[in-house]
Amino acid sequence: MTDYAKLAQLLFPHVTQTPQQLMEAQFPPRQLKDGAQVTRFAPSPTGFLHIGGVFSAMVSERVAHTTGGRVILRIEDTDKKREVEGGVSLIAQGLRDFGITFDEGATGDGAEEGAYGPYTQSRRAEYYHVFCKDLVEKGLAYPCFCTAEEIAQLRARQEEQGVTPGYWGADARCRDLTLEQVEENLRAGKPYVMRLRSPGKPGGRVRFKDAIRGDIEMEENFVDVVLLKSDGIPTYHFAHIVDDTLMRVTQVVRGDEWIASAPIHLQLFWLCGLKAPKYGHIAPIMKEEDGSRRKLSKRKDPEAAVSFFTEEGYPAEAVMEYLLTIANSNFEDWRRQNKTAHYTEFPFKLNKMSASGALFDLKKLNSVSAEVISRLTAEEVYDQASAWAQRYDGELYGLLAADPAYAKALFAIDRGGKKPRKDIVRWKDVSGYAAYFYDGLFAREETLELDRDLQKQVLEAYLPVMDCADDKDTWFGKMKELCPALGMSPDVKAYKEHPEQFRGHVGDFSAVVRMAVTGRKNTPDLHAVMSLLGQETCLRRLKEYRALLDSAPSGEAGAETK
């Protein structure tokens with residue numbers, strides 16, 4: 001037995017398997033069709049789900065499912081100091097809220113699904129030890145007994161000398177400890193970490209093809225990085241190698257802050273005799289501020305937290321469609337050509353992602369969200385708006401739940417035309433959109449710039465003949481018939497040709513009625529609105545507005561209606 005083999009047995013006496021045996025017995029190759037990709041999203045359970053995390057998770061999910069592959073939710077919980085109680089459940093539920101589903105992995109509350117688990121790093125220590133023991137046997141890993149203070153002094157000296165900081169070269173004091181020295185340190189109870197014995201040299205180069213950025217060339221790793229911490233838990237570098245190998249991940253999608261670590265990871269895959277997955281490094285979501293761009297910050301930007309989108313009431317599908325527009329520039333063209341298709345039918349491609357940071361644009365999100373809501377049926381609008389209101393707006397929920405048929409009818413107004421209305425951008429807008437349909441929410445919010453005396457005369461003429469049961473032609477015909485006696489033109493075109501001959505036109509007539517009944521200048525189809533409100537409500541509001549007009553001096557334009 002070589003000294004390396006003796007050292008491996010000394011450090012890992014409990015490990016009896018080799019990596020190859022482990023892979024064959026517990027983690028065999030997946031049976032997937034050619035070209036299918038296995039991806040993963042691997043957050044830490046810190047309790048905060050960033051929109052950038054949702055973006056990365058969506059990209060991973062789309063890559064897997066558009067190729068017929070599988071996507072995994074893996075939890076990297078090795079940093080126990082930052083872990084939040086219930087953090088895994090918050091992440092899993094937050095992603096489900098946005099329609100991101102995983103084929104296997106953590107599901108929350110300690111539960112997991114899938115044949116390639118455990119999917120939580122803290123439950124996988126035995127697997128890391130198998131791979132680390134193998135590296136020790138090959139002379140590629142060793143125990144390091146240097147204290148934190150000694151490492152800090154080493155870095156300070158390196159920085160003072162202007163050399164690359166890190167545990168390498170002549171500064172790697174524990175690299176060549178003899179077996180006897182290691183045994184002595186172990187008997188003394190000295191804590192240690194396991195380090196890679198890197199074969200790299202300063203100035204060496206490594207090249208790889210990034211699925212998003214194309215060909216990348218960097219300096220190879222020559223630092224003896226830590227593989228296992230003193231508690232036996234791996235660093236991200238080592239856990240990535242072991243976990244993605246055992247879970248048979250083929251495509252790693254992660255933030256571009258990990259590009260600097262790619263040489264370490266590629267070297268580790270090579271030294272372990274493993275095939276590295278493909279990499280795709282995503283640039284961070286950016287925000288424009290004072291003419292420059294910066295990363296979206298959870299401390300400065302409320303929209304950085306996914307809770308912002310839930311609380312504001314953006315439909316999950318709208319958020320996903322918006323993220324797809326910034327992920328693949330051709331998504332909008334596809335959407336225009338496939339108006340009714342679900343966004344998951346879009347042929348997402350990693351190589352069409354921008355290498356520079358996508359700019360978060362709230363106006364664009366609002367536009368996408370309004371478009372998504374306009375495609376929903378009235379019943380779907382009711383269901384989603386009610387679900388949001390039950391959680392965030394009790395008053396609105398009470399009104400919607402009290403008479404679902406009435407609420408669905410108001411959401412159905414003007415939704416059958418060729419160009420659906422886009423009045424609702426998010427569920428938070430429903431209260432304002434539906435306000436004039438409910439006396440409890442109704443408030444006159446605008447003024448009409450039309451002579452008050454004329455408005456009074458319109459109402460006085462219309463009140464005796466108004467009937468919400470009239471069909472649309474009869475309803476509008478009554479307005480046109482009343483116009484001549486008021487000096488108004490029943491024909492808008494005639495008015496435009498000779499405006500000096502009239503006090504207004506039938507459009508102005510209906511505008512007065514609209515303002516009286518709804519308190520708004522613009523609404524969906526007025527006949528449909530009045531039919532839904534009913535005779536009693538419309539009569540009352542017409543009379544209330546007529547009385548309101550009496551409160552101002554005669555002849556003044558407009559009406560203060562707040």
Side-chain angles (χ1 to χ4, degrees), residues 4 6-19 22 26 42-47 74-88 91 106 110 112 117-138 140-155 166-168 172-175 177 179 181-198 221 223-247 258 261 264-265 268 271-272:
Y4 288 144
K6 291 177 182 178
L7 178 61
Q9 187 60 28
L10 178 66
L11 297 172
F12 301 99
H14 57 289
V15 175
T16 60
Q17 287 180 295
T18 66
L22 181 64
Q26 293 180 244
S44 298
T46 58
R74 188 170 74 218
I75 301 301
E76 299 187 349
D77 64 339
T78 57
D79 188 352
K80 294 298 182 181
K81 293 180 180 179
R82 297 177 60 234
E83 186 172 338
V84 173
E85 184 177 356
V88 177
I91 291 170
E112 297 184 344
Y119 296 94
T120 304
Q121 281 186 344
S122 60
R123 301 178 185 177
R124 299 173 58 81
E126 60 181 294
Y127 304 141
Y128 308 124
H129 293 182
V130 168
F131 281 79
C132 195
K133 181 178 182 178
D134 184 63
L135 287 174
V136 175
E137 288 179 338
K138 295 174 180 176
L140 295 171
Y142 63 92
C144 173
F145 298 90
C146 293
T147 64
E149 182 180 2
E150 288 172 331
I151 296 296
Q153 292 173 350
L154 168 64
R155 285 186 171 274
Y167 201 82
W168 65 279
R173 297 185 339 199
C174 294
R175 174 190 267 249
L177 292 178
L179 180 61
Q181 288 174 313
V182 171
E183 290 177 320
E184 182 181 344
N185 286 336
L186 292 176
R187 283 194 296 269
K190 290 185 177 181
Y192 64 92
V193 299
M194 292 301 302
R195 288 186 180 275
L196 172 71
R197 183 179 276 110
S198 174
N221 175 62
V223 175
D224 289 1
V225 296
V226 174
L227 303 177
L228 298 178
K229 292 177 279 189
S230 59
D231 57 3
I233 297 299
T235 59
Y236 170 79
H237 300 311
F238 196 48
H240 159 47
I241 309 308
V242 176
D243 292 342
D244 285 335
T245 292
L246 296 183
M247 294 180 189
W258 290 107
S261 299
I264 297 173
H265 301 156
L268 279 169
L271 294 176
C272 289

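- Counting heavy atoms from C-beta on, the side chains of Tyr192 and Asn185 never come closer than 4.5 Å.
- Atom-to-atom distance recorded for Leu135:CG and Phe238:CZ is 5.5 Å, nearest 0.5 angstrom.
- Between the side chain of Ser230 and the backbone N or O of Pro191 there is no donor-acceptor pair closer than 3.5 Å.
- Checking side-chain atoms of Glu137 against main-chain N and O of Asp134 turns up no donor-acceptor pair under 3.5 Å.
- Ion pair Arg123/Glu112 flagged as a salt bridge, since at least one NZ, NE, NH1 or NH2 atom sits closer than 4.0 Å to an Asp/Glu carboxylate oxygen.
- Of the inter-residue distances, the one linking Ser44 atom OG with Asp77 atom CG reads 8.0 Å to the nearest 0.5 angstrom.
- Scanning all heavy atoms of the two residues, the minimum distance from Arg195 to Cys144 falls at NE-SG, 3.3 Å.
- Using a 4.5 Å cut-off on side-chain heavy atoms (C-beta onward), Val182 and Phe145 make contact.
- Under a 4.0 Å N-O distance rule, the pair Arg124/Glu126 does not qualify as a salt bridge.
- Thr18 contributes atom OG1, which lies 10.0 Å from atom NZ of Lys133 (distance to the nearest 0.5 angstrom).
- Ring-plane geometry between His14 and His129 is classed as perpendicular, the angle between the planes exceeding 60 degrees on a 0 to 90 degree scale with a lower cut at 30.
- The environment of Gln181 atom CD is dense: over 12 non-hydrogen atoms of other residues, nucleotides or ligands sit within 6.0 angstrom.
- For the atom pair NE2 of His265 and NE2 of His240, the computed distance is 5.0 Å after rounding to the nearest 0.5 Å.
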ask   = Where do Leu10 and Leu179 land on the side chain to side chain contact (heavy atoms under 4.5 Å, CB included) test, with the steps shown first?
value = CA-CA 9 Å; Leu10 178 66; Leu179 180 61; 4.3 Å; yes

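- A heavy-atom distance below 4.5 Å is not found between the side chains of Val223 and Ser198.
- With rounding to the nearest 0.5 angstrom, the CG atom of Leu7 is 12.0 Å from the OH atom of Tyr142.
- Side chain of Arg175 to backbone of Trp168: no donor-acceptor contact under 3.5 angstrom is found.
- Without hydrogens or angle criteria, Thr147 side chain to Glu150 main chain gives a donor-acceptor distance under 3.5 Å.
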key: Derivation and outcome, side chain to side chain contact (heavy atoms under 4.5 Å, CB included), residues Thr120 and Val88   = CA-CA 10 Å; Thr120 304; Val88 177; 6.0 Å; no

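- Once rounded to the nearest 0.5 Å, the distance linking CG of Leu246 with OH of Tyr128 reads 8.5 Å.
- Annotation: side chain of Val242 is not in contact with side chain of Pro234 (no heavy-atom distance under 4.5 Å).
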